[in-house]
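For reference, the structure is listed below as structure tokens.
Numbering starts at 1 and runs along the sequence shown.
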Amino acid sequence: MRRLARAAAAAVLVVLLPATAAVAQNLANCTTASQTRYVYDVMREIYLWDTELPTVNPSSFATPEALLEAVRYRPLDSYFSSITSRAASDAFYSDSQFIGFGFGNSYDGQALRVLQVFPESPAAETGMRRGDRITSINGQSVAALGATGQLGQALGPSTEGYRITFRYERPDGSVADSEMTKRLVTIPTVSELSVIDVDGKRVAYMLFRNFVAPSRDALDAAFNALRDVGATELVLDLRYNGGGLVSIAQHLGGLIAGARTEGQVFVEYVHNARNSFRNQSSRFEGKPNTLNLQRLVVITTDATASASESIINSLRPFIPVTTVGTATYGKPVGQYIVEFCDKALYPVSFSVKNARGEGDYFGGIPADCQAPDDPDHQLGDPAEASLKEALTVMRTGRCSAPVLAAPESRRETTRQDQGLKKTGLDVLINAH
């Protein structure tokens, strides 16, 4: 009835644990009272900030979700701990799938700017592309919905068959009205792969979207192809990658750095005092198809989270890693996945450190070279601002301009002020 896994939140680092590694008693039944009591018991046992939990009466809460909202440690855990459906959790990690329309976006105060469209999705079938601007949802202006904090509600539940009519403007000024119906959408894990000649160097570009089970074969195929064409450098685009399985992150680390990291600490897990017996390290693995890179350039945004941040933090003790774009999400903690009834609870359960004991990047990992996410160009276009800056770093070893300090309130304002607050897998995939 319950599966435990180690995970890191708004996206996750997941490691399956033996069935004996229980953190609370099994539920006697799935009544609301049993579920709220169970969630409270799990939080008291395994929550990283267990000493900060308030004393509450679980039976006073209408849902386990309401209890979680009441007890989370908000100074550091506004969104990380979450509850989602077991079906959604299994679909994402096993098959890289979710229920939605198949696009990701940002909000600019007036419209939703489309940043990515997944192939063979409802959004793709209407002709929606990166760079389009959604201006109305079911006849209501996006600006008005954003001003009243109703955008998330307007986009509807993650339910197959849920239908919405969007109006969106294309970059050429044309306007389209399209009705879309939510269904199962598959996210391609390695979405773009190309090789760019930069002053005689064969520089690979790879857009990697999530660390889930299908990613292993996709990464192997990608790195085999890059070795075949003689790629010697890599720009790894993690701008929308919220994370996933730690085994896939380890696998990617070995493919990147090879012999330089084999057997070295990839990440150390540190739990609360009562769970210190769970502390352990995972290590880089050697891979026959490694590129044995001497350096790495990574494109990041505030949607780059968890396992993506661990790749950056874990490689830095061993090879130079330059980040290009904007600061990452800021999630140096992870969770167990605790399944109960038809739900999956993700309580923050441990912090993550690299081989030098470095972590605690709650404000995000800063960009070494700043560049905007540029939806006026398609992903993988060398003229796209972030990729253009990454190629400048590859060519010169330097940023094209001095780096300015990022605002401290970056993540909170983008999540709260426009009514686009997300939890669980919604943050993980950054998509609708």
Side-chain angles (χ1 to χ4, degrees), residues 11 13 116 187-196 198 201-212 215-216 218-227 229 231-246 248-258 260-261 266-267 284 287 289-329 354 364-369 371 373 379-382 384-395 397 430:
L13 289 165
Q116 53 181 339
I187 304 171
T189 59
V190 176
S191 300
E192 302 283 342
L193 188 69
S194 60
V195 175
I196 304 165
V198 178
K201 299 176 184 176
R202 302 285 281 164
V203 177
Y205 167 79
M206 185 172 74
L207 174 65
F208 185 51
R209 279 197 167 109
N210 47 44
F211 295 81
V212 294
S215 301
R216 183 178 294 272
L219 286 170
D220 280 341
F223 275 77
N224 285 335
L226 294 177
R227 281 172 59 91
V229 297
T232 57
E233 302 274 10
L234 175 63
V235 175
L236 179 62
D237 194 340
L238 300 177
R239 73 181 74 193
Y240 307 133
N241 192 318
L245 300 168
V246 69
I248 302 302
Q250 286 176 282
H251 188 71
L252 176 57
L255 290 169
I256 290 170
R260 299 187 68 171
T261 56
F266 173 71
V267 67
F284 287 96
K287 303 294 174 184
N289 51 339
T290 180
L291 289 184
N292 284 309
L293 296 176
Q294 304 301 302
R295 63 173 176 170
L296 177 67
V297 176
V298 183
I299 296 175
T300 63
T301 67
D302 69 351
T304 305
S306 203
S308 290
E309 290 170 304
S310 288
I311 282 287
I312 297 165
N313 192 52
S314 297
L315 281 170
R316 276 185 163 165
F318 307 106
I319 65 172
V321 180
T322 302
T323 53
V324 170
T326 56
T328 64
Y329 188 90
N354 67 14
I365 297 172
D368 297 313
C369 302
D373 186 7
L379 296 168
D381 184 342
E384 189 274 323
S386 288
L387 179 53
K388 182 178 180 180
E389 180 68 10
L391 296 176
T392 296
V393 172
M394 285 294 185
R395 182 178 295 109
N430 190 32

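Within a 6.0 Å radius of NZ in Lys201, more than 12 heavy atoms belonging to other residues, nucleotides or ligands are found.
With hydrogens and angles disregarded, no donor-acceptor distance shorter than 3.5 Å links the side chain of Thr300 to the backbone of Ala367. Within the 3.5 Å criterion, the main-chain N or O of Gly258 finds a donor-acceptor partner in the side chain of Thr290.
The CG atom of Leu255 sits 11.0 Å away from the CG atom of Leu236 when rounded to the nearest 0.5 Å. Put simply, CG on Leu219 and CE on Met206 are 5.0 Å apart, with the number rounded to the nearest 0.5 Å. The distance from the OG atom of Ser215 to the CG atom of Leu252 is 9.0 Å, given to the nearest 0.5 Å.
Between Ala371 and Glu389, the shortest heavy-atom distance links the atoms CB-CB, 3.9 Å. Among all heavy-atom pairs drawn from Ala307 and Phe211, the shortest one is CB-CD1, 3.8 Å. Residues Asn354 and Pro317 approach most closely at ND2-CG, 3.6 Å, considering heavy atoms. The two atoms that bring Ala390 and Val324 nearest to each other are N-CG1, 4.0 Å, heavy atoms only. Taking every heavy atom of both residues into account, Met394 and Leu234 meet most closely at CE-O, 3.2 Å. Among all heavy-atom pairs drawn from Glu309 and Gly364, the shortest one is OE2-CA, 4.4 Å.
In this structure, Ile248 and Val212 have side chains that are not in contact, with every pair of non-hydrogen atoms separated by 4.5 Å or more. In this structure the side chain of Val190 never reaches within 4.5 angstrom of the side chain of Phe223, judged on heavy atoms. With contacts defined as side-chain heavy-atom distances shorter than 4.5 Å, the pair Tyr329/Thr304 does not qualify. Taking 4.5 Å as the limit, some side-chain heavy atom of Asp220 sits within range of a side-chain heavy atom of His251.
Under the rule for a side chain to side chain contact (heavy atoms under 4.5 Å, CB included), the partners of Arg316 that lie at least two apart in sequence or sit in another chain are Ile312, Val321, Thr323, Arg356, Ile365, Asp368. For Asp381, the side-chain hydrogen bond (donor to acceptor under 3.5 Å, both in side chains) test picks out no residue, with sequence neighbours left out. Taking the salt bridge (Lys or Arg N to Asp or Glu O under 4.0 Å) definition, one finds that Arg395 meets it with Asp199, sequence neighbours left out. Listed by chain and residue number, Tyr205, Leu207, Arg239, Ile299, Leu379 satisfy the side chain to side chain contact (heavy atoms under 4.5 Å, CB included) test with Asp237 (two or more places apart in sequence, or in another chain). The salt bridge (Lys or Arg N to Asp or Glu O under 4.0 Å) search around Glu233 returns Arg295, not counting sequence neighbours. The side-chain hydrogen bond (donor to acceptor under 3.5 Å, both in side chains) search around Ser194 returns none, not counting sequence neighbours. Taking the side chain to side chain contact (heavy atoms under 4.5 Å, CB included) definition, one finds that Asn224 meets it with Asn289, sequence neighbours left out. Every residue meeting the salt bridge (Lys or Arg N to Asp or Glu O under 4.0 Å) condition with Arg202, not counting sequence neighbours, appears here in chain and number order: Asp197. With sequence neighbours left out, Ser386 forms a side-chain hydrogen bond (donor to acceptor under 3.5 Å, both in side chains) with no residue at all.
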Q: Could you give me the CA-CA distance, side-chain angles and deciding distance for Leu226 and Leu193, then say whether side chain to side chain contact (heavy atoms under 4.5 Å, CB included) is met?
A: CA-CA 9 Å; Leu226 294 177; Leu193 188 69; 3.9 Å; yes
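When each of Thr261, Leu291, Leu315 is paired with Ile256, the side chain to side chain contact (heavy atoms under 4.5 Å, CB included) condition holds for Leu315 and for no other. Of the candidates Thr301, Asp373, Asn210, Tyr240 forms a side chain to side chain donor-acceptor pair (under 3.5 Å) with just one, namely Asp373.
Pairs engaging residues 290-314 under the ring-ring contact (aromatic ring centres under 6.0 Å, His included) rule: none recorded [sequence neighbours left out]. Annotation: ring-ring contact (aromatic ring centres under 6.0 Å, His included) contacts involving residues 305-328, sequence neighbours excluded, comprise Phe284-Phe318.
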